[in-house]
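To keep things clear, I will list the structure first and then write my remarks on it.
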Amino acid sequence: MVFAERGVWSTPTSAISRAAGVADGTLFTYFATKEVLVNALYRAIKEDLAKVMMDTCPMSASFQAIFFHVWESYVQWGIANPARYKVLVQLQVSNQISTESRLIGAAPFVQIEQFANLSRERDGMRQYPVAFVGALFSSIADTTIAAMVRDPGGDVDYCRLGFDAFWRGVMVAE
């Protein structure tokens, strides 16, 4: 994926067209601007990620088991799809992603937010804002992915260590 190699905003549309195997003008037949293309890509990546994370989520399991499933799915998706992961990381912090695209991208993950709210009420999750919990999740998961990429096949279970760090950070000590 050319965006992963060159960076989303530094990749010229001519390189995008070349990578897609179409003429420069053809790209604009489908996407009026690069911003429209990037927003469509953001939504497609989020949809793909949601499918991986949510389709097999054990919804009747404990909150910890649900969150571990979501965690492990995200981490494994990032390892298995390094270009898409790299692009998603760039797009999530971009001010060029529209509010509409962010809402569409977040929609499949609404159940995670609902579980977090329930856990705050019943299971001892700290009373942190859900958006802050999500930011902790993302940043610790991203650190976990980076460790796994640096030490592939190593003896350390970074996926479990990362989740434990997240879990202990958001749950009230027993």
Side-chain angles (χ1 to χ4, degrees), residues 1-24 26-58 66-113 115-116 131 133-154 156-163 165-166:
M1 183 180 284
V2 69
F3 284 145
E5 295 167 10
R6 298 176 77 162
V8 173
W9 302 112
S10 60
T11 302
T13 56
S14 59
I16 299 166
S17 297
R18 243 188 333 277
V22 299
D24 288 351
T26 304
L27 183 67
F28 294 108
T29 300
Y30 298 100
F31 304 99
T33 65
K34 183 178 176 183
E35 188 173 313
V36 170
L37 167 68
V38 170
N39 273 270
L41 177 61
Y42 173 81
R43 291 188 304 268
I45 292 172
K46 292 289 278 193
E47 182 180 326
D48 177 53
L49 180 57
K51 187 167 187 54
V52 168
M53 290 170 67
M54 302 307 294
D55 279 3
T56 60
C57 191
I66 290 168
F67 251 80
F68 182 73
H69 169 83
V70 169
W71 174 275
E72 185 176 42
S73 298
Y74 176 74
V75 168
Q76 294 304 325
W77 177 86
I79 298 294
N81 300 281
R84 290 174 76 81
Y85 169 74
K86 187 175 181 178
V87 171
L88 179 61
V89 168
Q90 292 175 56
L91 295 178
Q92 288 184 138
V93 298
S94 173
N95 62 359
Q96 299 296 313
I97 300 302
S98 70
T99 300
E100 177 186 12
S101 289
R102 289 191 190 281
L103 290 171
I104 291 169
F109 302 97
V110 73
Q111 284 184 299
I112 297 170
E113 184 174 339
F115 283 124
V133 173
L136 287 173
F137 181 98
S138 295
S139 61
I140 297 172
D142 292 343
T143 300
T144 300
I145 291 169
M148 292 172 72
V149 167
R150 278 192 308 275
D151 187 21
V156 178
D157 185 353
Y158 290 108
C159 187
R160 177 57 72 178
L161 287 176
F163 181 76
F166 164 74

Over-ring placement of Arg84 relative to Phe3, 6.0 Å and 45° cut-offs =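 No, Arg84 does not lie over the aromatic ring of Phe3.
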
Can you name the nearest heavy-atom pair linking [X] to [Y], along with the distance?
| X | Y | result |
| --- | --- | --- |
| Tyr158 | Ala147 | CD2-CB, 3.7 Å |
| Ile140 | Gly162 | CG2-O, 3.4 Å |
| Ile104 | Pro108 | O-CD, 3.4 Å |
| Phe28 | Thr33 | CE2-CA, 4.2 Å |
| Ala4 | Lys86 | O-NZ, 3.0 Å |

message = Checking Met54 against His69 for the side chain to side chain contact (heavy atoms under 4.5 Å, CB included) test, could you report, in this order, the C-alpha distance in whole Å, the side-chain angles of both residues, the deciding distance, and whether it holds?
response = CA-CA 9 Å; Met54 302 307 294; His69 169 83; over 6 Å; no

Does [X] use its side chain to pair, donor to acceptor, with the backbone of [Y] at less than 3.5 Å?
| X | Y | result |
| --- | --- | --- |
| Thr26 | Val22 | no |
| Ser139 | Leu136 | yes |
| Trp71 | Ile66 | no |
| Lys34 | Val8 | yes |

ask   = Cys57 and Val70: side chain to side chain contact (heavy atoms under 4.5 Å, CB included), yes or no, with the steps?
value = CA-CA 7 Å; Cys57 191; Val70 169; 4.1 Å; yes

query = Does anything in residues 100-113 pair up under side chain to side chain donor-acceptor pair (under 3.5 Å), and if so which pairs, sequence neighbours excluded?
reply =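 For residues 100-113: Asn39-Ser101, Arg43-Ser101, Ser98-Ser101.
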
key: Sub-6.0 Å ring centroid separation between Phe67 and Phe163   =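 No, the ring centres sit 6.0 Å or more apart.
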
key: From Val38, Asn81, Ile45, residue fulfilling side chain to side chain contact (heavy atoms under 4.5 Å, CB included) relative to Val87   =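 Running side chain to side chain contact (heavy atoms under 4.5 Å, CB included) over Val38, Asn81, Ile45 with Val87 returns exactly one hit, Ile45.
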
query = When you look at CD of Glu47, are more than 12 heavy atoms from neighbouring residues, nucleotides or ligands closer to it than 6.0 Å?
reply =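 Not buried by this count: 12 neighbours or fewer within 6.0 Å.
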
